[in-house]
Amino acid sequence: MKNLFDVTGKVVVITGACGVLGQCIARYLAEQGAHVVILARAHSREKGKALEAELSQYTEALFLETDVLDEEKLVKNREDILAKFGTIDVLLNAAGGNMGAANIAPDQTYLDASDDAIHKVVELNLFGTILPTKVFGKVLCDKKEGVIVNFCSESALRPLTRVFGYGCAKSAIASYTKFMATEMAKKFSPKIRVNAIVPGFIITNQNRALLTNPDGSLTERGMDVIKHTPASRFAEPEELCGTIHYLISEASSFVTGALSVVDGGFDVYSI
């Protein structure tokens, strides 16, 4: 019987590939036999080259410097990818992030939020997804087949306190994902699928100070998250890999426009 989860030889482009989640997913897919393109900003070059060397033990890998807000650089990336691999099968839009100034502290209101920081967070997360989709998605449109997976957030499903700018940006990505699923299928090919993964709370460099104290104990917000997560813990980065694998494989051939939630039950819990 055919293995619906086989991704051997698929060319997978990952933006933000040097982040905690991007690296984890890149390693996993390389071990599954996919060819992995690591895209990250110039300051991550050393980390990116090291990851490229590591993944090359399992498959063909390529690191390229990029800027997800610079269309010209993305087009050059596309040319380099096609020169090496000849095609692109999957795009994982993992680039994104938050800024402290775009949050609302407990002693602040929305009137205190930095307009500039909110603009930057929305630009990075939303347009840092739109532009790579436009540039790399063209390859999928030309061959009328492929998969795009956007990275959404729990803050897109319900309005979490404090993360003002980030919540706005990720909510927009949820809408964009659903829009693009129809756009791609109706105007280019029903074999082009667009979905999003919605991770629950994972400790990363960006949210560590928000959820944990310097001694490793939980902050008040961290405790609130655990109280409202039926699984009673934070997620591990590796726990996203199975859902990503499913979404980019033929096992999900009839799935598009979906927000795949991996959150230990956070979104369904209420008091």
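Hydrogens, waters and symmetry mates play no part in the numbers below; they use all other heavy atoms, side chains included.
A donor-acceptor contact shorter than 3.5 Å is absent between the side chain of Thr59 and the backbone of Ala30. For the pair Thr229 (side chain) and Val225 (backbone), a donor-acceptor distance under 3.5 Å is present. Not one N or O on the side chain of Asp89 forms a donor-acceptor pair closer than 3.5 Å with the backbone of Gly146. A donor-acceptor contact shorter than 3.5 Å links the side chain of Asp215 to the backbone of Ser217.
Within the 4.5 Å cutoff, the side chain of Val139 has no heavy atoms near those of the Ile81 side chain. In this structure, Ile38 and Leu55 have side chains that are in contact, with non-hydrogen atoms separated by less than 4.5 Å. Using a 4.5 Å heavy-atom threshold, the side chains of Arg45 and Phe63 count as touching. Counting heavy atoms from C-beta outward, Met184 and Ile148 have side chains that approach closer than 4.5 Å. At least one side-chain heavy atom of Ile248 sits less than 4.5 Å from a side-chain heavy atom of Leu29. Inter-residue side-chain proximity for Thr219 and Leu210 is flagged as unmet; no heavy-atom pair is nearer than 4.5 Å. Between Val68 and Leu124 the shortest side-chain heavy-atom distance falls below 4.5 Å. Contact check for Asp112 versus Asp107: no side-chain heavy atoms found under the 4.5 Å cut-off.
Salt-bridge annotation for Lys120 and Glu123: absent, with no side-chain N of the basic residue lying under 4.0 Å from a carboxylate O of the acidic one.
Leu259 contributes atom CG, which lies 11.0 Å from atom OG of Ser153 (distance to the nearest 0.5 angstrom). The CZ atom of Phe136 lies 7.0 Å from the CG atom of Leu91; values are rounded to the nearest 0.5 Å. Annotation: the span from Glu154 atom CD to Asp267 atom CG amounts to 5.0 Å, rounded to 0.5 Å. Rounding to the nearest 0.5 Å places CG of Leu39 at 13.0 Å from CZ of Arg78. Between the CG atom in Asn3 and the OG atom in Ser249 there is a gap of 8.5 Å [rounded to 0.5 Å]. Atom CD1 of Ile197 sits about 5.5 Å away from atom CZ of Phe151, to the nearest 0.5 Å.
Residue pairs meeting the side chain to side chain donor-acceptor pair (under 3.5 Å) criterion with at least one partner in residues 177-186, sequence neighbours excluded, are Asn150-Thr177, Glu183-Lys187. The side chain to side chain donor-acceptor pair (under 3.5 Å) contacts involving residues 9-26 comprise Gln23-Arg27, where partners must be two or more places apart or lie in separate chains. Every pair passing ring pair (Phe, Tyr, Trp, His ring centres under 6.0 Å) that includes a residue from residues 68-116 is listed here, sequence neighbours excluded: His35-Phe85.
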Exercise for review: Take Lys76 and Asp80 through the salt bridge (charged side-chain N to carboxylate O under 4.0 Å, His left out) test and state the conclusion after the steps.
Suggested key: CA-CA 6 Å; Lys76 178 61 168 63; Asp80 291 341; 2.9 Å; yes
**Study point:** Chi angles and distances behind the side-chain contact (heavy atoms from CB on, under 4.5 Å) call for Asp263, Phe201
**Key:** CA-CA 7 Å; Asp263 71 350; Phe201 290 84; over 6 Å; no
Practice item. Please test Leu240 against Ile202 for side-chain contact (heavy atoms from CB on, under 4.5 Å), starting from the C-alpha separation and ending with a verdict. Key: CA-CA 10 Å; Leu240 300 185; Ile202 300 172; 3.9 Å; yes
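The minimum heavy-atom distance between Gln108 and Asn103, with the atom names listed, is OE1-O, 3.9 Å. Across all non-hydrogen atoms, the minimal contact from Gln32 to Thr8 is O-OG1, 3.7 Å. Minimum interatomic distance between Val198 and Cys152 (heavy atoms only, all atoms of both residues): CG2-CB, 3.9 Å. Of all the heavy atoms in Gly167 and Ser171, the pair that sits closest is O-OG, 2.8 Å. Nearest heavy-atom pair, Leu69 versus Gly128, reported as atom, atom and distance to 0.1 Å: CD2-N, 3.6 Å. Nearest approach of Ala258 to Asn195, heavy atoms of both residues: N-OD1, 2.8 Å.
For Ser260, the side chain to side chain contact (heavy atoms under 4.5 Å, CB included) partners two or more places apart in sequence, or in a different chain, are Thr243, Leu247. Arg208 meets the salt bridge (Lys or Arg N to Asp or Glu O under 4.0 Å) test with no other residue; sequence neighbours excluded. Evaluation of the ring pair (Phe, Tyr, Trp, His ring centres under 6.0 Å) rule for Tyr28 yields His245 as partners, not counting sequence neighbours.
In this model, no donor atom of one side chain and acceptor atom of the other lie less than 3.5 Å apart for Asn207 and Asn98. Defined by atom type and a distance below 3.5 Å, a donor-acceptor pair is missing between the side-chain atoms of Asp116 and Ser114.
Within 6.0 Å of NZ in Lys143 there are more than 12 heavy atoms belonging to other residues, nucleotides or ligands. More than 12 heavy atoms of other residues, nucleotides or ligands shown are found within 6.0 angstrom of CZ on Arg162. More than 12 heavy atoms of other shown residues, nucleotides or ligands fall within 6.0 angstrom of atom CD in Gln57.
Residues Leu211 and Phe164 do not share a hydrophobic cluster, defined by chaining ILVMFWY side chains whose heavy atoms lie under 4.5 Å apart. Both Leu131 and Val13 are members of a single hydrophobic cluster when ILVMFWY side chains are connected at heavy-atom separations under 4.5 Å. Cluster membership check: Ile130 shares its hydrophobic cluster with Val122, using side-chain heavy-atom separations under 4.5 Å among Ile, Leu, Val, Met, Phe, Trp and Tyr. Ile173 and Phe179 fall within the same hydrophobic cluster, where Ile, Leu, Val, Met, Phe, Trp and Tyr residues are linked whenever their side-chain heavy atoms come under 4.5 Å apart, directly or through other members. Tracing side-chain contacts under 4.5 Å through hydrophobic residues (I, L, V, M, F, W, Y), one never reaches Leu92 starting from Val37; they form parts of separate clusters.
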